[in-house]
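Since the model is a prediction, treat every value here as computed from it, not as a measurement.
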Amino acid sequence: GILSHVGGHMQACGFSFPCDIEVSTLLQRLAVTAEQELKGVELMPTIGIDAELKLQDINWNLVETLVKFEPYGEGNRRPVFMVRNAEIAACDLVGQSQNHLRCLLRDDMGNSFRFIGFNFGNRAGEFGIKSRIDVAFEVDVNEWNGRRDIQCKMVDVREETSDK
């Protein structure tokens with residue numbers, strides 16, 4: 001009733017409302033509608049995990065397989081993986097503003113791999129060396145100074161849980 005036009009693509013939620021309606025009225029109506037429509041709905045953010053991996057599974061064969069699914073974008077999101085119960089062997093802040101978190105993770109079999117959390121610098125104090133974590137991540141390739149490395153980009157991280 002209050003919106004005069006809605007539209008846009010799936011990632012946009014464009015709308016218009018008459019200029020004689022105050023924004024506060026729109027916000028009030030949206031709040032009432034949300035309360036009615038979302039009653040009893042759990043609004044906890046979730047991350048879709050496509051597969052659980054072991055550190056030993058992160059290799060160039062995996063990267064080559066992922067390349068076959070490109071290009072990623074709307075309707076074809078980049079896969080998100082998870083490694084459970086990894087030990088933080090080393091961790092530091094990187095980047096000009098020290099706002100990125102770089103961690104070396106190790107498993108119980110001695111495998112290790114470096115992960116980068118872009119803009120995760122504010123979470124550096126959450127976990128210490130030898131902490132056990134579960135990490136959700138994307139696999140990519142980092143090319144810099146003529147060198148190619150597999151790059152695991154953190155999507156999220158939490159203290160290790162036992163719900164395996």
task: Verify side-chain contact (heavy atoms from CB on, under 4.5 Å) between Ile47 and Ile49, making sure each step is shown before the conclusion.
output: CA-CA 6 Å; Ile47 297 172; Ile49 303 295; 4.0 Å; yes
message: Test side-chain contact (heavy atoms from CB on, under 4.5 Å) on Gln151 and Val63; report intermediate values, then the result.
response: CA-CA 10 Å; Gln151 178 169 264; Val63 172; over 6 Å; no
task: Go through the steps for Glu138 and Val155 under the test side-chain contact (heavy atoms from CB on, under 4.5 Å), then give the verdict.
output: CA-CA 7 Å; Glu138 296 175 347; Val155 172; 3.8 Å; yes
message: Using the rule given for side-chain contact (heavy atoms from CB on, under 4.5 Å), can you reason through Asp140 versus Arg78, listing the C-alpha separation, both sets of side-chain angles and the distance that settles it, and then say yes or no?
response: CA-CA 9 Å; Asp140 207 351; Arg78 188 175 291 279; 4.1 Å; yes
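The line from CZ of Phe17 to CG of Leu3 is 8.5 Å long, rounded to the nearest 0.5 Å. One finds the CZ atom of Phe15 at 6.5 Å from the CG atom of Leu30 (value rounded to the nearest 0.5 Å). Atom CZ of Arg29 is separated from atom OG of Ser24 by 12.0 Å, given to the nearest 0.5 angstrom. A distance of 14.0 Å separates SG in Cys91 from NZ in Lys130, rounded to the nearest 0.5 Å.
Taking both residues in full, the closest heavy atoms of Phe118 and Lys153 are given as CE1-CD, 3.6 Å, listed atom of the first, atom of the second, then distance. The minimum heavy-atom distance linking Pro79 with Leu66 is given by the pair CG-CD2, 3.8 Å. Nearest heavy atoms, Pro71 versus Asn76: O-ND2, 2.8 Å. Nearest heavy atoms, Asn59 versus Leu62: OD1-N, 2.9 Å. Here the closest non-hydrogen pair linking Ile58 and Cys152 is CG2-SG, 3.7 Å.
Counted within 6.0 Å of CH2 on Trp144, heavy atoms from surrounding residues, nucleotides or ligands total 12 or fewer; the atom is thus considered open. For Glu70, the CD atom sits in a packed shell: over 12 heavy atoms of surrounding residues, nucleotides or ligands are nearer than 6.0 Å. Environment of CD in Glu159: sparse, with no more than 12 heavy atoms of neighbouring residues, nucleotides or ligands closer than 6.0 Å.
Relative orientation of the Phe137 and Phe81 rings is tilted, given thresholds of 30° and 60° on the angle between their planes.
Linking Ile, Leu, Val, Met, Phe, Trp and Tyr residues whenever their side-chain heavy atoms come within less than 4.5 Å places Phe120 and Ile129 in a single cluster. Following chains of ILVMFWY side-chain contacts shorter than 4.5 Å, one can reach Ile133 starting from Leu53, so the two form part of one hydrophobic cluster. Linking Ile, Leu, Val, Met, Phe, Trp and Tyr whenever their side-chain heavy atoms come within less than 4.5 Å leaves Met82 and Val139 in two separate clusters. If you chain together hydrophobic residues whose side chains sit under 4.5 Å apart, Phe127 and Leu55 fall into the same group. Val141 is connected to Ile150 through a chain of hydrophobic side-chain contacts under 4.5 Å among Ile, Leu, Val, Met, Phe, Trp and Tyr, so both are in one cluster.
Under 4.0 Å is where a charged nitrogen must lie from a carboxylate oxygen, and between Arg147 and Asp149 at least one such pair does. At a threshold of 4.0 Å, the pair Glu52-Arg84 counts as salt-bridged, since one of the basic side-chain nitrogens sits closer than that to a carboxylate oxygen.
No donor-acceptor distance shorter than 3.5 angstrom exists from the side chain of Asp156 to the backbone of Ala136, with no hydrogens or angles considered.
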Output a table of donor-acceptor pairs, distance under 3.5 Å, between side-chain atoms of residues 93-113 and any protein atom two or more places apart or on a different chain; print 'none' if there are none.
| from | atom 1 | to | atom 2 | distance (Å) |
| --- | --- | --- | --- | --- |
| Gln98 | NE2 | Gly95 | O | 3.1 |
| Asn99 | ND2 | Asn119 | OD1 | 3.1 |
| His100 | ND1 | Asn119 | N | 3.0 |
| Arg102 | NE | Asp92 | OD1 | 3.2 |
| Arg102 | NH2 | Asp92 | OD2 | 2.7 |
| Asp107 | OD1 | Met109 | N | 2.9 |
| Asp107 | OD1 | Gly110 | N | 3.0 |
| Asp107 | OD1 | Asn111 | N | 2.8 |
| Asp107 | OD2 | Asn111 | ND2 | 3.0 |
| Asp108 | OD1 | Arg132 | NH1 | 3.1 |
| Asp108 | OD1 | Arg132 | NH2 | 2.7 |
| Asn111 | ND2 | Gln56 | OE1 | 3.4 |

